[in-house]
Amino acid sequence: MRGAEESARLAALEEHRPGPGADDRADLDAVVRLAAALTGAPVVSVNLLDAVRQCHLSTVGPLAAQTPVEDSLCAVAFRSGDLVHVPDARLHPVHRHNPHVDGRLASMRLYASAPLVTADGHALGTLCVFDPVARALDEHQLAGLRDLAGVAASLLERRRQARRAHLLAAEADEQRSLAELMMGEAERREELTQAVLATVDVGIVVAGPDGRLVTFNDTARAMLGRDADGGLDLAGHAGAYGLRTEDGARPLRPEELPLHRTLREGSVQGARVRIAVPGRAPVTATCSGRTVRAADGTVLGAVVALHDVTALQAREAALRATHAELAAAHEQLGAHAARVEALARASAAVATADEPRAAVCEAARELCGADAAYLAQPGPDGVLATTATVGLEGVSLRLDPCRDTSLVLDAYLGRGQLFEPDVPAHPRASRAVVEACGTVSAVWQPVLRRGREPVGVLALIWRRRVEALAPGVAATLATLAGEAAHALERAELLERLERAAEHDALTGLPNRRRWDAVAAAEVARAARTGAPLTFALLDLDRFKLFNDTRGHLEGDALLREFAAAASSCLREVDTLARWGGEEFVLALPGCDEAGAVAVADRIRAAVPRGQSCTVGVARWSPGRSAAEVLADADAALYRGKQAGRDATVTC
């Protein structure tokens with residue numbers, strides 16, 4: 001049974017194999033380019049697999065034109081009809097021994113393929129992607145790969161149908177030529193006519209010059225359903241013979257009969273009639289006729305050939321329907337390809353943007369044709385607030401899941417896409433949000449990290465009524481939301497890395513690098529505005545003794561608690577940074593020396609664990625750098641240490 005199935009598959013493969021011309025492969029080239037853009041894979045192929053080799057019809061990246069079946073990754077499981085996804089072929093029990101994986105021919109890691117399956121269920125080959133880097137494709141990419149494999153199979157089927165249509169048309173032309181040849185021979189060789197009339201599968205009807213039937217062959221008798229009584233006037237019995245117009249709407253009038261037209265006009269070519277004999281299915285026939293003349297030109301009669309084209313007519317209708325389906329599929333493919341290309345451009349813009357949140361909103365608005373867009377994300381307090389907007393200048397939204405009612409929150413908490421054509425009339429719509437955004441219709445797409453955890457909501461707003469989302473918009477928006485989740489996660493990581501680079505890991509305060517930037521900015525602001533500026537250095541007293549007697553963990557705890565206590569004594573505009581070890585530095589913009597001393601004393605009073613600190617204070621004056629002022633503060637600090645510690649000293 002397995003051999004019979006494989007024989008049928010190979011036969012189907014030969015029927016679907018494209019011709020050698022570039023035109024037969026141009027659409028397949030577009031499919032592999034789309035697959036490469038969708039998956040990011042450097043090597044993509046549409047291939048067919050016969051009994052001994054894998055033939056690559058269209059490729060992106062370096063691939064040989066053919067591969068032996070025993071070296072093919074695709075030959076392992078393509079007959080199953082299932083999608084294959086191998087993030088790292090080195091770990092696969094079968095693929096790891098393949099020469100394209102173990103380094104003999106290549107070092108492929110990611111391998112994924114979708115089978116090319118005919119309508120009869122025969123697996124012809126695959127659409128496959130390779131990458132020398134081990135990684136996994138997400139669900140949207142795998143679904144897109146499966147869809148593109150279906151497109152490639154449809155393209156191969158369209159070419160097969162076109163070739164079959166061409167053969168059918170050639171066969172019909174051959175039959176018509178044969179009928180004409182037979183009629184010509186009947187005129188020249190009367191003896192041969194009788195033999196031909198008895199054998200051909202074309203109905204032959206002969207009439208005298210008065211239009212009365214002389215004879216017709218067995219094929220014509222079967223088509224007309226009656227014998228020809230000698231001298232029967234076909235015109236007078238057209239209804240009895242079931243001769244009707246091609247559409248079957250009415251019986252032919254005498255002057256419309258092919259025999260009478262032939263006698264009147266000299267010849268008839270391609271006249272179609274419907275023969276509707278009671279008790280059987282109607283027959284459509286093409287009639288071609290010509291007059292028969294004696295040597296002196298006298299009309300002896302007429303011969304009409306009736307060719308049964310019922311089956312051909314059905315095939316033509318089927319071909320027209322197939323052509324219409326292919327045209328519709330091609331149109332859908334074009335629209336899908338345009339959406340894929342637009343989504344690829346949008347994904348690239350989001351991935352490379354300095355501010356991915358705004359890029360996500362702009363890309364979503366452009367892809368969906370919306371008037372405005374915004375991204376809302378939860379803060380530390382759990383309140384959902386806008387982090388980026390496009391087309392909503394000056395609009396800032398805050399929604400508390402514990403108190404507020406809103407469709408935005410419904411999409412966020414429900415983790416599913418939500419579309420509403422008439423937002424103002426919806427009972428759960430937030431009046432404040434509707435009025436702030438001017439919303440008429442909207443769609444909300446939750447942004448899910450790793451497909452599960454909601455990290456925000458992407459909202460698209462129309463200020464006109466939209467009854468339904470355009471085809472493909474829902475899927476495109478969901479895919480873009482997946483890209484947004486990756487971009488937001490990457491942006492948050494970069495923000496954490498940037499914060500870590502400028503903050504002390506132990507206390508969370510700005511570090512020396514961040515302090516240098518803040519101090520320079522404060523000096524520049526004071527020089528520009530003339531406002532007072534004071535710096536201070538703070539040093540925990542006898543910290544080494546504390547560390548040595550209680551241990552380093554207790555010392556670290558003291559530093560953290562001191563940083564928190566000192567920060568609680570400051571204004572929002574003040575900056576406290578860790579200078580190094582047990583030393584801290586303080587910038588007090590808009591604060592004179594007396595005010596700075598008061599702040600320092602509050603900090604000294606807040607030192608935890610019964611410890612103390614000494615503070616050196618120095619006021620900046622025009623023309624001096626931050627380093628010079630800090631040198632004065634350091635000198636004051638030294639004097640305080642020398643005088644017995646636990647003091648605030650000015651320079």
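All values below were derived from every heavy atom in this structure, side-chain atoms included, with hydrogens, water molecules and symmetry-related copies excluded.
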With a 4.5 Å limit on heavy-atom distance, are the side chains of Leu588 and Leu533 in contact?
-> no
Contact summary for Ser45 and Val32, nearest pair of heavy atoms = C-CG1, 4.2 Å
Any donor and acceptor pair, going by atom type alone, linking the side chain of Arg109 with main-chain N or O of Val101 inside 3.5 Å?
-> yes
At what distance, to the nearest 0.5 angstrom, does CD1 of Ile603 lie from SG of Cys613?
-> 7.5 Å
Any side-chain donor-acceptor pair under 3.5 Å between Asn98 and His100?
-> yes
Spacing of CG belonging to Asn511 relative to CG belonging to Leu506, to within rounding of 0.5 Å = 12.5 Å
Go through the steps to decide whether Leu142 and Leu83 satisfy the test side chain to side chain contact (heavy atoms under 4.5 Å, CB included), and finish with yes or no.
-> CA-CA 8 Å; Leu142 293 174; Leu83 184 76; 3.8 Å; yes
Interatomic spacing from CG in Asp381 to SG in Cys402 - rounded to 0.5 Å = 10.0 Å
Stepwise side chain to side chain contact (heavy atoms under 4.5 Å, CB included) check, Val360 with Leu458 = CA-CA 8 Å; Val360 166; Leu458 180 59; 3.9 Å; yes
Does the ring centre of Trp444 sit less than 6.0 Å away from the ring centre of Tyr374?
-> no
Kindly determine whether Arg624 and Asp632 satisfy salt bridge (charged side-chain N to carboxylate O under 4.0 Å, His left out), including the steps that lead there.
-> CA-CA 11 Å; Arg624 305 191 71 198; Asp632 290 344; 2.7 Å; yes
Taking only residues two or more places apart in sequence, or in another chain, which ones meet Val395 in a side-chain contact (heavy atoms from CB on, under 4.5 Å)?
-> Leu392, Leu397, Ala436, Cys437
Pair listing, side chain to side chain donor-acceptor pair (under 3.5 Å) test, anchored in residues 423-433, at least two apart | Asp410-Arg428
How about Cys368 and Leu477: do any of their side-chain heavy atoms sit closer than 4.5 Å?
-> yes
Give the minimum heavy-atom separation between Arg365 and Ala370, together with the two atoms involved.
-> CG-O, 3.0 Å
CZ of Phe546: more than 12 outside heavy atoms within 6.0 angstrom?
-> yes
Close side-chain approach of Asp131 to Pro42, heavy-atom, < 4.5 Å | yes
Evaluate side chain to side chain contact (heavy atoms under 4.5 Å, CB included) for Val31 paired with Ser58, printing each intermediate quantity in order.
-> CA-CA 9 Å; Val31 170; Ser58 179; over 6 Å; no
Is the backbone of Cys128 close enough, under 3.5 Å, to the side chain of Ser113 for a donor and an acceptor to pair up by distance?
-> no
Hey, what do you get for SG (Cys651) to CZ (Arg619), rounding to the nearest 0.5 Å?
-> 11.0 Å
Step-by-step side chain to side chain contact (heavy atoms under 4.5 Å, CB included) determination, Asp88 to Tyr111 = CA-CA 7 Å; Asp88 191 344; Tyr111 164 68; over 6 Å; no
Report yes if some heavy atom in the side chain of Glu554 is under 4.5 Å from a heavy atom in the side chain of Arg609; otherwise report no.
-> yes
So do the side chains of Val408 and Tyr412 get within less than 4.5 Å of each other, counting heavy atoms only?
-> no
Contacts of Pro99 meeting side-chain contact (heavy atoms from CB on, under 4.5 Å) (sequence neighbours excluded), chain-then-number -> Asp71, Asp102, Arg104, Leu105
For residues Leu586 and Thr575, determine if any side-chain heavy atom of one lies less than 4.5 Å from a side-chain heavy atom of the other.
-> no
Shortest non-hydrogen pair, Ala385 vs Arg398, comes out as CB-CG, 4.0 Å
Between Thr387 and Gln377, does any side-chain donor sit less than 3.5 Å from a side-chain acceptor?
-> yes
Is the closest side-chain heavy-atom distance between Leu399 and Ser406 below 4.5 Å?
-> yes
Glu139 atom CD, over 12 foreign heavy atoms within 6.0 Å = no
Validation row: Leu407, Leu418 side chains within 4.5 angstrom (heavy atoms) | yes
Option passing ring pair (Phe, Tyr, Trp, His ring centres under 6.0 Å) with Phe584 (candidates Phe535, Trp515, Phe562) = Phe562
Say whether, by atom type as modelled, one donor and one acceptor occur between the side chain of Asp601 and the main chain of Ala598 under 3.5 angstrom.
-> no
Between Leu145 and Leu38 the two heavy atoms that sit nearest each other are N-CD2, 3.6 Å
With sequence neighbours left out, what residues match Ala474 under side-chain contact (heavy atoms from CB on, under 4.5 Å)?
-> Gln417, Leu469
Presence of salt bridge, Arg415 and Glu453, under 4.0 angstrom | no
Give every residue pair that meets the side chain to side chain donor-acceptor pair (under 3.5 Å) criterion with at least one member in residues 523-546, sequence neighbours excluded.
-> Glu522-Arg525, Asp539-Lys641, Asp541-Ser612, Asp541-Thr614, Asp541-Lys641, Lys544-Asp548
Pairs touching residues 454-464 that satisfy side chain to side chain donor-acceptor pair (under 3.5 Å), sequence neighbours left out | Asp371-Arg464
One should read off an interatomic distance between Cys361 SG and Leu460 CG, to the nearest 0.5 angstrom, of 8.5 Å
Taking atom CG of Leu559 and atom CG of Leu540, what is their separation to the nearest 0.5 Å?
-> 6.0 Å
